J.: 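This is the structure I have questions about; it appears just below.
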Amino acid sequence: MIEPQQALFTAVREKLLEAYPDRVYDGAIPGPETPYPFIYLGEFGQNDTETKSVIIGSIPVTVHVWHCRPDQRGTVSAMCLAVKTAIREAAHGDYSFQARNVGSRIVPDNTTTTPLLHGIVEAEVRFMPKH
C-alpha cells in the first residue's frame with residue numbers, strides 16, 4: 001500500500017498525461033527550453049487523522065499551468081479545467097478520494113522576460129482507505 005498523497009498524485013498525473021502527453025511535469029519546474037503551455041504538478045501534502053480502526057485525512061493540492069501567450073487565456077482556462085476534472089475523478093484501488101474546495105485562478109506572471117499567464121489550481125481532497 002502506498003501513501004494516500006502519492007496515490008492521488010499518480011492518479012492525477014496519469015489522467016493529465018492522457019489529455020496532454022509531453023505537457024505534464026513533476027519534480028523540478030521545467031527549464032526555459034520547455035514548450036508552452038505546460039502543466040506542473042506542484043504541491044501534494046497530507047494531513048492524517050487516526051481513528052480507532054483507520055487513518056483518514058486530507059490532501060492539499062496545488063497544480064500550476066503556464067502559457068507564454070497572454071492572448072490565449074482560454075487555453076489556460078481549459079487546462080485548469082482538465083486539472084480540476086482529473087482531481088475530482090481520481091481513483092485508486094487502496095483509497096477513496098473526495099475532492100472539496102476545488103478552485104482556480106489565472107494571474108499574469110512576469111518572472112521571465114516573456115510575459116506569461118499562470119493558472120493555479122488548488123484543492124483539498126479527503127481520503128479514507130477502502131476495505
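Note that the coordinates shown come from a computational prediction; the quantities given were computed from them, not determined experimentally.
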J.: What about V65 and L17, same hydrophobic cluster or not, with Ile/Leu/Val/Met/Phe/Trp/Tyr joined at side-chain heavy-atom distances under 4.5 Å?
T.: yes
J.: Using modelled atom types only, decide if a donor and an acceptor are shared between the side chain of Q5 and the backbone of Q46 within a distance under 3.5 Å.
T.: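 Answer holds: no.
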J.: Where is the tightest heavy-atom contact between G93 and K130, given as atom of each residue plus distance?
T.: O-CD, 3.4 Å
J.: Do T112 and P32 have side chains that approach each other closer than 4.5 Å (heavy atoms only, starting at C-beta)?
T.: no
J.: Might you confirm whether atom CG of D71 has over 12 heavy atoms from other residues, nucleotides or ligands at distances under 6.0 Å?
T.: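 Atom CG in D71 is crowded, with more than 12 foreign heavy atoms closer than 6.0 Å.
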J.: Rounded to the nearest 0.5 Å, what separates atom CD in E3 from atom CD1 in I59?
T.: 8.5 Å
J.: According to the interplanar angle, ranging from 0 to 90°, do the rings of W66 and H64 count as parallel (below 30°), tilted (30 to 60°) or perpendicular (above 60°)?
T.: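 Parallel.
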J.: Start with the C-alpha gap between R69 and Y36, add the side-chain angles, then the distance that decides, and say whether side chain to side chain contact (heavy atoms under 4.5 Å, CB included) holds.
T.: CA-CA 8 Å; R69 296 280 311 269; Y36 290 95; over 6 Å; no
J.: Any sub-3.5 Å donor-acceptor pair from K84's side-chain atoms to A123's backbone N or O?
T.: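 Checking the backbone N and O of A123 against the side chain of K84, no donor-acceptor pair under 3.5 Å is found.
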J.: Do you know the tightest heavy-atom contact between C68 and P70?
T.: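 Smallest interatomic distance, heavy atoms only, reads O-CD, 3.3 Å.
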J.: Is the closest side-chain heavy-atom distance between H92 and I2 below 4.5 Å?
T.: yes
J.: Please check if any side-chain donor atom of E14 sits under 3.5 Å from a side-chain acceptor atom of T10, or the reverse.
T.: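 On atom types as modelled, these side chains do not qualify, holding no pair under 3.5 Å.
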J.: Determine whether L41 and L16 satisfy the following criterion, side chain to side chain contact (heavy atoms under 4.5 Å, CB included), listing intermediate values before the conclusion.
T.: CA-CA 10 Å; L41 299 173; L16 289 172; 3.9 Å; yes
J.: Go through E122 and I120 one step at a time and tell me if the side chain to side chain contact (heavy atoms under 4.5 Å, CB included) criterion holds.
T.: CA-CA 7 Å; E122 295 176 309; I120 305 161; 4.0 Å; yes
J.: Linking directly or through intermediates, with side-chain heavy atoms under 4.5 Å: list the remaining ILVMFWY members grouped with I56, chain and number order.
T.: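 Listed partners: V54, M128.
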J.: Can you tell me how far the SG atom of C80 sits from the NE2 atom of H118, to the nearest 0.5 Å?
T.: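 So the SG of C80 and the NE2 of H118 are separated by 8.5 Å.
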J.: Mind listing the closest non-hydrogen atom pair of N47 and P60 along with its distance?
T.: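 N47 and P60 have their closest heavy atoms at ND2-CD, 3.7 Å.
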J.: Quick check: is Y40 connected to V12 through a chain of hydrophobic side chains (ILVMFWY, heavy atoms under 4.5 Å apart)?
T.: no
J.: Considering all heavy atoms of both residues, which atom of F97 and which atom of A90 are nearest to each other, and what is their separation?
T.: CD1-O, 3.9 Å
J.: Sequence neighbours left out, what passes ring pair (Phe, Tyr, Trp, His ring centres under 6.0 Å) with F44? Give chain and number order.
T.: F9
J.: Got V76 and P37 here, is their nearest side-chain heavy-atom distance under 4.5 Å?
T.: no
J.: Can you classify the ring geometry of F38 versus Y25 as parallel (below 30°), tilted (30 to 60°) or perpendicular (above 60°)?
T.: perpendicular
J.: In Å, rounded to the nearest 0.5 Å, how long is the span from CG of D94 to CD of Q6?
T.: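 That separation rounds to 12.5 Å.
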J.: Below 4.5 Å, heavy atoms only, C-beta onward: do L8 and F127 meet side chain to side chain?
T.: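 No; the side chains remain at least 4.5 Å from each other.
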J.: What distance separates R13 CZ from I39 CD1, expressed to the nearest 0.5 Å?
T.: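 Answer rounded to 0.5 Å: 11.5 Å.
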J.: Is there a path of hydrophobic side-chain contacts, each under 4.5 Å between heavy atoms of I, L, V, M, F, W or Y residues, that connects L117 with Y20?
T.: yes
J.: Check for me, please, whether V83 and L81 land in the same ILVMFWY cluster - side-chain distances under 4.5 Å, paths through other members count.
T.: no
